[in-house]
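Quick notes on the structure that follows.
The shown structure was predicted, so the numbers you read here are calculated from the model rather than taken from an experiment. Every heavy atom of this structure was used, including side-chain atoms; hydrogens, water molecules and symmetry mates were not.
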Amino acid sequence: MKKEILIRHMKKDIAKCFNLTPPAVVLWFSKDNPTMPTADKVSTLYKKFGIPVDYWAQPELYEIKFIPKKRTITRRQRKDNGNTKVWHF
């Protein structure tokens, strides 16, 4: 049985953390052609995003699910029901 890992960030957030493009990060989690991040990135992935270090050695034992963070809205968006208009002068 696979261990499930829930990550409250998207791959683009991880890419931004490392100054990489999102497609580069997608390759790390690809089942078809996986690549492995460097050791310093593996350590940061564990500390910031909770991805176990041993995931990179045995990815078949894990199932990673990316869950987007809840979107926060401003008070004005709530008042306008999300229909905030931007005026350009």
Seminar exercise, completed: Residues Leu45 and Pro37: closest non-hydrogen pair is CD1-CG, 3.9 Å
Seminar exercise, completed: For Gly50 and Ile5 the tightest heavy-atom approach is O-CG2, 4.1 Å
Exercise. Is a side-chain N or O of Ser43 found less than 3.5 angstrom from the main chain of Ala39, in a donor-acceptor match?
Worked result: no
Exercise. Just wondering, more than 12 heavy atoms not from Tyr46 lying within 6.0 Å of its OH?
Worked result: no
Problem set entry | Over 12 foreign heavy atoms within 6.0 Å of NZ, Lys47 | no
Would you give the length of the straight line joining atom [atom1] of [X] to atom [atom2] of [Y], rounded to the nearest 0.5 angstrom?
X: Lys48; Y: Ile7; atom1: NZ; atom2: CD1; result: 14.0 Å
X: Met36; Y: Trp28; atom1: CE; atom2: CH2; result: 10.5 Å
X: Leu61; Y: Asp54; atom1: CG; atom2: CG; result: 8.0 Å
X: Lys11; Y: Leu20; atom1: NZ; atom2: CG; result: 14.0 Å

Problem set entry | Aromatic plane relationship, Phe18 with Phe49 - under 30° parallel, 30 to 60° tilted, over 60° perpendicular | tilted
Exercise. Would Lys2 and Tyr62 satisfy side chain to side chain contact (heavy atoms under 4.5 Å, CB included), going step by step from the backbone distance to the final call?
Worked result: CA-CA 5 Å; Lys2 292 185 176 191; Tyr62 295 91; 6.0 Å; no
Exercise. Tell me, do His9 and Ile67 make a side-chain contact under 4.5 Å, heavy atoms counted?
Worked result: no
For this session: Compute the ring centroids of Phe66 and Phe29, then answer whether they are less than 6.0 Å apart.
Result: yes
Problem set entry | Path from Trp56 to Val26 over hydrophobic side-chain contacts below 4.5 Å | no
Problem set entry | Shared hydrophobic cluster, Val42 / Leu27 (ILVMFWY, side-chain heavy atoms < 4.5 Å) | no
For this session: List the steps and the verdict of salt bridge (Lys or Arg N to Asp or Glu O under 4.0 Å) for Glu4 and Lys65.
Result: CA-CA 7 Å; Glu4 190 175 83; Lys65 293 185 179 179; 2.9 Å; yes
